[in-house]
Q: 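Below you'll find the structure I mean.
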Amino acid sequence: MTPALELKNLSKTYQLRQSGGFFARSTDHLAVNNVSLTLPRNQILGLVGESGSGKTTTGMMAMRLVEPSAGQILVGGTDITALGHAALKPYRRKMQVVFQDSYSALDPMMTLAQIVAEPLHIHGLGTGAEQTEQALDMLVKTGLDHSYGNRYPHELSGGQRQRVAIARALILHPTVLVADEPTSALDVSVKAQIINLLLDLQAEMGLSILFISHDLSVVRSLTDKVAVMFQGRIVEEATTETIFTDARHPYTRSLLDAIPVLNPRDRRARTFLTRAQIEAATPRLSGQDGRPELLDIAPGHRLEAIR
Amino acid sequence: MSDTPRSPLYFAWRRFADNKAALVAGAILLLIILMAIFAPLIAKTGYADQKFLTQAYAFPQAEFWFGVDDLGRDFFTRIVYGARVSLTIGFTAAAFSLVIGIPLGAIAGYYGGRADWCVMRLIELFSVVPPLLAAMLLGALTNGGFLTIVLIAALFGWVQVCLLVRAQVKAIAQKEFVRAAQALGATPGYIIRRHLIPNAISPIIVGFVLAIPLAMMLEASLSFLGIGVPPPTPSWGQMINVGMNFMYFYWHLAVFPTAALAITVLATTLFGDGLRDALDPTLKGR
Amino acid sequence: MTLLDIENLTVSFPQHDGVVQAVRGVSLRVAAGESVGIVGESGSGKSVTCMAALRLLREPPSRIAADRLELGGIDVLRAGRAHLTAVRGRVAAMVFQDPMTAFDPVFSIGHQIVETIRAHRDLSKSAATVEAAALLARVEIKHPDAILNSYPHQLSGGMLQRAMIAMALSSRPQILFADEPTTALDVTIQAQILHLIKQLQAELGMALIMVTHDLGVVAETVDRVVVMYGGRVMETAPVQDIFDAPLHPYTQALMASMPGRTPGKQRLVEIAGASPNPANPPTGCPFHPRCAVADAHCAAEAPAFRALSDTRAAACWRLA
Amino acid sequence: MIRYILGRLASILLTFTVVSVIVFLMMHAVPGGPFDGNDMPVNDAVKAKLNASLGLDQPLYVQYFKYMWGVLHFDFGIPFQSPGETVLDLLARAWPPSLILGGAGVLIGAPLGILLGMAAALRRNTWIDYLASAFATLGLTIPVFVISMALIMVFAVWLNWLPASGWGKPNAWVLPIIAYAAIPMATYARYTRSAMLDVLNKPFVTVLRAKGLSERRIIFQHVLRNAALPMVTVFLPMFIGTATGSIFVEAMFRVPGLGAYFVSSIELRDYSLEMALILMITMMFCLAYLISDIIYALLNPRIRFGERK
């Protein structure tokens, strides 16, 4: 079966322009460097890394919201990298996105029914009344009753707004959902609700989710597979269990080591590695010198190492 | 949470209603607008009728509230009709300012980069040219007249509208609901129409209201210099110019048009400021 | 010795339609050298409590009332301006959430640390500069002199947070308030900063108040925990007790819903509903609408905060 | 930093060039040349010869470059209304009155406005704030000639304290200087208030308080310094705007300054003077903006030292 989403050798170079019109100096910044990822159907793939690691840029490129500098994006086996606006539109139905900041994700001037119905509106599906009806059904599915239809975003709590954002993303029944830190702005007591909602909807609608997060605890509860990004590259990828029990890359390990303990009893001393130390500690499989590459070291376990 | 859903504009209205100065200013402005609309019903003569030549220069009294002017016209009538001219020019010029300012501001804000650079250079162009001098030159070249004044006022009034719209659109274009719409395959036109303009409604309203006093001042200034609205059409600026010559003897000819202009401009500005304060917090997105 | 003594603190913000009560009757005592974590979600009143303790809220619009509000034996509530500036920085210092906006952008880091030192001690500029460099070295900054001459926008968040900690420690405060000091930082940097704060607290013998929404941060750093919800204190206990045997239903639910406790992709235990809206809080106990064991009594009347043992206290009718 | 300034220079030069081209074309769009008037009957042959001698028969762009070449050497031609001197001589004669009165107006009005704005920001929502805001709104909305009129009515006509006109006597300068000071004062009061409030709401101010700094130090060192950043950038353009003479103030108080000549140049269709005035003022504005940008860059560490690598 073809995977829901495939990224092949994606790279993104930003030109950083400094202020000053005409003579502004621009420097190249390689935000994403040769990233390949496969999101199998009906699975949740976690993409983790610190801020500036390129994980969000990768997600936005997968959505064609940021144009890649090199590489390919395949949705259900079709290459959509070069498609123009009109040709891309049918594929837009298959992939949707949920953002971190639910406040800025909803148009403050629109009612919730209008917001959730917008995808139907843009794709011209059904009459106005049908669109509203479907939108209300979708709101119910995400845990908000019909009475919310004519409310405005500012009247909702953070968790409720995130439900609306999820309802809008799923109303077209996409196959791929890119979720960019959807729980990190939420209150602790609400976080579990949204994680459960995503899990329920994923099972019910047969979704494949690319879950971008820096919160490894959430990733552990939610994902099937994890890819770790460091300075624009993927340095390790494996099943969630393998990552949490048998991580091989020094960066993955330092990330895991940094997770706060779940019980004061487990407090421990830690050693902190600098970026340079991490680079220097790149695993060597045969003790020889060379350039680090992403290698398959076990079935489903990829690791950046020197061969 | 309240029981009836409230749109963000409802809260803006509530904030506005709290601002006493703006409310009073709005009421005064409304009164002046009504006066201008129903001028023929209020005034006893036509604005150019020299019916009281024998009583020329008469001071304010029961029969002539604001006195009689140098050409034997009832001065109250002149002032009331002057409001018509001033407001018409103010509103039309403000409308034209929107016509130029909204699309340029939206394009600069949404597309950024090169488009933004070009619009900003255009605005810089208008900031280094002294507006009144340029307006005088243009007025002189085209021999003045109503439409010319409107166009000149719009030519210098759009800049503020454009900057306001640009800033708002720029802020909104970064919001994730715009990205979500892009992810759905919405065209830039759709996004500008459905998301950016409705969310920029506050700077548009504010820009419109604040462009009105600017245009009224420009008209008064040009008319004051004798290159604005040609007589006998009544214009406050023109009346001030005439009144200045009689200032030492017939104070009313200078005081009433000056007060009329000052009150109208002040009321409009305070009303606009109130609107801005009321509309800003909601739409900046908390 | 009690350093921070708060009794029955209320903080309210008058709004367009009524008054928002951000803090509703909080009592809190912190002894010298103690480390206390205040845990709560947004709107629980945890940050406002700390800001009120240093009188850092703008008054008006905010209104602070308390039966007692003392820092290092000084009545902060009735202190004049001069008195307050002497308390701030010297008795109690504060580290804030977002290091990127916490420094004045137009002055160098060195200038801002030196001015803090000189506000409390009679030192020459050069002596203060030497001291500032030593402080930066103390927070494990590699090249103190280079950092002293840098401007805030030139440094990373982690580096700025270290500099902020150095600045907070510059006048040897007896108590350090850390208001979500790692929320804006990456996980790896968070671990380093927490480690640093803990280490400095032990070395300098300061009291520490760690304000956070993250139970993990609490588990890492403090000895005692205060759980806040809806502007009230729900429960307080030694940190190990909170994790091993939470008593208050809210604390129990919070513990149960923590992600990552057990391996494997799985649904979590969730707390239904949303946190209370401070403008329109529920009657009675603020947690009752979401509480599994609440009854009519809980909705009608807020439970008093009462001691359950020498070290533990809670506000819940079920624990009476 | 150097790149930033070069960039601003290029953009300002571009702006100036565009303005000069537009003004030049506008002058030439006016129907009729200087010798077409009725009061100066000239036959066609002579007219052609005259036009040729003045270079008016050449293509427009050649005329433009010739004119601009002259401008670069401060050669703006001869004013028609006073052929005995050059435009430059006339400007040298007419500018000082405007410069003295306008300059004094800004130098008095701006500091007063700053004080007013500071008082308003620090005593927010008190009567001081309301009074200052009312003052600022009045100053910005009431046209200058209305203010001038009011000053004359009150101080010259009714109270008879000060003369309404007369350039020679220094006591005649008082009223026009007050009239000139109104706009800078109002502008600065508004600007200072909003800039200070903006800074006062920044998180770092809370940090400064938490450090135990005195309120005075916080306001005068940190808040003012940050608020000054946007405030210094408006000063020079405002100075130029005021010190090049207000047509209205000069007309009301009969000051023989630049503004008065602008009016007469329009009335007399003295285009060489008019063009020179617009170009000069535009050029001064361009310079003012450029210098302001450089000062801004110097005061702003973000530009002075660049972004983090």
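Letters go in sequence order (proteins before strands), and every chain restarts at 1.
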Q: Is it true that A/E50 and A/K55 make a salt bridge, defined as a side-chain N closer than 4.0 Å to a carboxylate O?
A: no
Q: I'd like to check the side-chain hydrogen bond (donor to acceptor under 3.5 Å, both in side chains) partners of A/D145; sequence neighbours left out, ordered by chain and number.
A: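 A/D145: side-chain hydrogen bond (donor to acceptor under 3.5 Å, both in side chains) contacts with A/S147.
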Q: Looking at every heavy atom in both C/V293 and C/P249, which two are closest together, and how far apart are they?
A: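 Scanning both residues, the minimum pair turns out to be CG2-CG, 3.9 Å.
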Q: Report, by ascending residue number, the residues of residues 200-208 of chain A in heavy-atom contact with chain C at a distance under 4.5 Å; give 'none' if the set is empty.
A: A/D200, A/Q202
Q: What part of A/L199 gets within 4.5 angstrom of chain C, counting heavy atoms only: side chain, backbone, both, or neither?
A: side chain
Q: So does C/H143 have more than 12 non-hydrogen atoms from other groups sitting under 6.0 Å from NE2?
A: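 Atom NE2 in C/H143 is not crowded, with 12 or fewer foreign heavy atoms closer than 6.0 Å.
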Q: Side chain from CB out, backbone as N, CA, C, O: work out which of these in C/S44 comes under 4.5 Å of a heavy atom of chain A, or both, or neither.
A: neither
Q: Should C/E235 and C/T251 be marked as a side chain to side chain donor-acceptor pair (under 3.5 Å) after you check the CA-CA gap, both sets of side-chain angles, and the distance that decides it?
A: CA-CA 8 Å; C/E235 178 170 8; C/T251 322; 2.7 Å; yes
Q: Between C/V218 and chain A, with a heavy-atom cut-off of 4.5 Å, which part of the residue counts as in contact: side chain, backbone, both or neither?
A: backbone
Q: Using a 4.5 angstrom heavy-atom cutoff, name the option from A/N263, A/V190, A/I44 with the most pairs to chain C.
A: A/N263
Q: Just so I understand: if I count every heavy-atom pair under 4.5 Å between each of C/G264, C/A274, C/S275, C/A253 and chain A, which residue has the most?
A: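 Greatest number of close heavy-atom pairs with chain A: C/G264.
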Q: Under 6.0 Å from the CZ atom of A/R248, do we count more than 12 heavy atoms belonging to anything else shown?
A: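 12 or below, so no.
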Q: Indicate yes or no: does A/R265 engage C/D244 in a salt bridge with an N to O separation below 4.0 Å.
A: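 Judged by the 4.0 Å cut-off on N to carboxylate O distance, A/R265 and C/D244 do form a salt bridge.
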Q: Taking A/T242 for its side chain and A/A238 for its backbone only, find out whether a donor-acceptor pair lies under 3.5 Å.
A: no
Q: Restricting to pairs with a member in residues 182-196 of chain C, which pass side chain to side chain donor-acceptor pair (under 3.5 Å), not counting sequence neighbours?
A: A/S51-C/D186, C/R162-C/Q192, C/E180-C/T183, C/T182-C/Q190, C/H195-C/Q199
Q: Kindly say whether A/K191 contributes a backbone atom to a donor-acceptor pair with the side chain of A/T183 at under 3.5 angstrom?
A: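 Answer holds: no.
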Q: Checking A/E181 against A/H214 for the side chain to side chain donor-acceptor pair (under 3.5 Å) test, could you report, in this order, the C-alpha distance in whole Å, the side-chain angles of both residues, the deciding distance, and whether it holds?
A: CA-CA 7 Å; A/E181 308 257 12; A/H214 69 271; 2.9 Å; yes
Q: Ring-plane angle category for C/Y250 and C/Y229, please: parallel below 30°, perpendicular beyond 60°, tilted otherwise.
A: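 Rings of C/Y250 and C/Y229: tilted, as their planes differ by 30° to 60°.
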Q: What residues of residues 267-279 of chain A make heavy-atom contacts with chain C at a cutoff under 4.5 angstrom?
A: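 Counting heavy atoms that sit under 4.5 Å from chain C, the residues of residues 267-279 of chain A involved are A/R267, A/R270, A/F272.
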Q: With respect to chain C, which residue among A/S189, A/S254, A/G158, A/G159 yields the maximal number of heavy-atom pairs within a distance under 4.5 Å?
A: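 If we count pairs closer than 4.5 Å to chain C, A/S189 comes out on top.
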Q: So what's closer than 4.5 Å to chain C heavy atoms on A/L262: side chain, backbone, both or neither?
A: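 Both the backbone and the side chain of A/L262 come within 4.5 Å of chain C.
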Q: Any non-hydrogen side-chain atom of C/L200 less than 4.5 Å from a side-chain atom of C/L196?
A: yes
